[in-house]
Amino acid sequence: MLDLNFIRENKKQVQKALDKRFIDDISLAKFSELDQKRRDLLYKNEQLRHKRNITSDKIGELKREGKDASSLIKEMQQVADQIDQYDQKLKEVEEQLEHIVHRIPNVPHEDVPVGEDESDNRLQREWGSPREFDFDFKPHWELGTELDILDFDRGSKVAGSRLTFLKKAGARLERSLFNFMLDLHIKEHGYDEVFPPFLANEESMFGTGQLPKFREDMFKLENTDYYLIPTAEVPVTNMHREEIMSAADLPLKYAAYSACFRAEAGAHGRDTRGIIRQHQFNKVELVNFVDPEKSYDVLEQLTKEAEKVLRLLELPYRVVTLCTGDLTFSAAKTYDLEVWMPAYDTYREVSSCSNFEDFQARRAGIKYRSEPGADSQFVHTLNGSGLAVGRTLAAILENYQNEDGSITVPEVLQPYMDQEIID
RNA sequence: GGAGGGAUGUCCGAAUUGGCUAAGGAGCCGGACUUGAAAUCCGGUGAAGCCGAAAGGUGUGGGGGUUCGAGUCCCCCUCCCUCCGCCA
């Protein structure tokens with residue numbers, strides 16, 4: 001969410017940001033109109049309240065002295081009615097205003113390339129090179145099914161489409177992967193480990209920006225106020241919702257494993273085979289709360305920390321800067337990490353590292369004081385996948401497959417797997 | 001699921017049958033005393049936060065209601081505590 005004052009004073013810049021994101025259903029003219037209306041109503045309302053406060057004191061005084069206050073009370077009855085009317089008008093105007101403000105996305109950082117879709121993303125760097133196969137390689141879903149470590153049919157039977165059983169070495173590999181990732185970030189990158197709730201409430205979903213705009217992308221539990229989290233970003237960022245921390249607390253770095261749940265409402269027919277796009281998947285998420293001055297340095301660092309996972313797994317990948325059209329609602333700048341997937345003959349996203357600047361912090365009320373007694377200000381929040389486990393597993397199956405259909409276990413995972421080959 | 005109790009500043013904790021400015025203490029800041037410190041004493045500060053250029057408004061877990069006026073009365077909700085039941 002953007003600051004009201006910021007929008008007022010930088011309408012051109014905000015309009016430009018909307019244009020760059022190709023958003024044309026938000027009217028800043030309407031915003032200004034409502035904003036002015038609200039301020040007028042507020043002023044009139046507050047004057048009446050002031051009058052009421054003063055007169056009520058006077059009534060109390062008269063009553064204590066045993067004098068008659070009935071004419072003042074009668075007068076105030078009318079004032080109270082007027083205040084009620086203003087309150088109602090104000091509420092209506094504020095709701096309309098919120099409807100606009102809550103749907104204005106973050107302003108992209110100036111470094112973000114302008115473009116409509118992923119084809120306009122900017123390549124930052126590549127690491128490793130795609131493996132040359134001298135045999136007919138297979139997609140991960142065939143490898144997994146033949147090795148009996150992925151079971152799509154039974155996943156569909158028991159739950160539904162996009163829900164899959166991992167079995168035996170497959171289940172073990174999944175567990176090894178997120179343990180390896182957590183160990184790396186906690187031991188090498190200075191993160192505190194967090195195991196969050198997988199359910200979150202409406203306020204939390206609003207805080208990180210999933211609501212109100214993306215309601216249909218999430219699963220909500222029937223007859224409750226709980227949502228299944230689409231990422232650990234939600235519970236972990238909201239851990240500090242409505243809190244004011246001291247500068248000494250920063251930076252806060254949390255690494256959290258969680259299952260993630262996504263309705264994939266707009267993805268019918270996309271990636272229907274394999275485990276690339278599931279309703280439930282595992283992910284290790286890195287969340288940083290930092291001093292605003294440092295957030296872009298931290299974004300670089302965070303991205304490197306996520307990349308480290310791929311380097312240690314020796315999977316070829318590339319880093320791209322998302323263009324304005326591909327950037328998510330709350331982010332000001334995002335790097336995607338994409339791993340090479342032979343069966344797709346392209347790179348697929350396994351991590352998204354974003355700086356949200358103060359956008360989430362404002363929605364969620366996450367502040368800090370630079371020194372005791374100083375005015376509080378919003379922190380900057382960042383997060384990045386470190387990494388999406390299911391997609392990484394798929395990448396390992398495809399990249400580490402052997403001609404006989406067996407899988408060589410990446411070296412760093414062998415201590416976790418207690419085996420060198422899956423066959 | 002059932003019964004009861006609770007939520008007021010940074011912390012502890014008051015506030016009569018609704019009415020003046022939401023006590024008091026701890027803390028924090030300044031000073032006195034002291035070689036220095038502690039202790040003590042004096043003074044100050046303190047109700048976050050939010051809106052507002054300011055005046056002012058709002059603000060006693062959250063939301064609503066009654067009232068000229070609500071920490072106080074009524075309704076709903078959340079969280080915490082105790083006990084019973086159930087459960088991994």
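Computed from a predicted structure; not experimentally measured. Note on naming: letters A, B, ... go to the chains in the order of the sequence lines (proteins, then strands), and numbering restarts at 1 for each one.
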Within the distance-only criterion (no hydrogens, no angle test), does the side chain of A:D249 pair as donor or acceptor with the backbone N or O of A:S246 below 3.5 angstrom? yes
Respond yes when some side-chain nitrogen or oxygen of A:R52 is under 4.0 Å from OP1 or OP2 of B:G69, and no when none is. yes
May I ask you to decide if the ring planes of A:Y191 and A:H185 are parallel, tilted or perpendicular, using 30° and 60° as cut-offs? perpendicular
Taking B:G52, B:G56, B:U58 as options, the one with an atom nearest any side-chain atom of A:R8 is B:G52
Hey, does the side chain of A:N53 come within less than 4.0 Å of B:U58's phosphate (OP1/OP2), counting only N and O? yes
To the nearest angstrom, how far is A:Q88 atom CD from B:G65 atom C1'? 14 Å
Could you tell me whether A:Q77 contacts a base, only the sugar-phosphate backbone, or nothing, with contacts defined as non-hydrogen atoms closer than 4.0 Å? sugar-phosphate
Would you call the rings of A:H240 and A:Y254 parallel, tilted or perpendicular if under 30° counts as parallel and over 60° as perpendicular? parallel
Look at the side chain of A:H50 and decide which nucleotide, out of B:U58, B:G56, B:G49, has an atom nearest to it. B:G56
Indicate, with a heavy-atom threshold strictly under 4.0 Å, whether A:I59 touches base, sugar-phosphate, or nothing. base
Just so I know, are the side chains of A:E233 and A:Q360 near enough to count as touching, which here means a heavy-atom distance under 4.5 Å? yes
Picking from B:U58, B:A48, B:G56, the nucleotide nearest the side-chain atoms of A:R49 would be B:U58
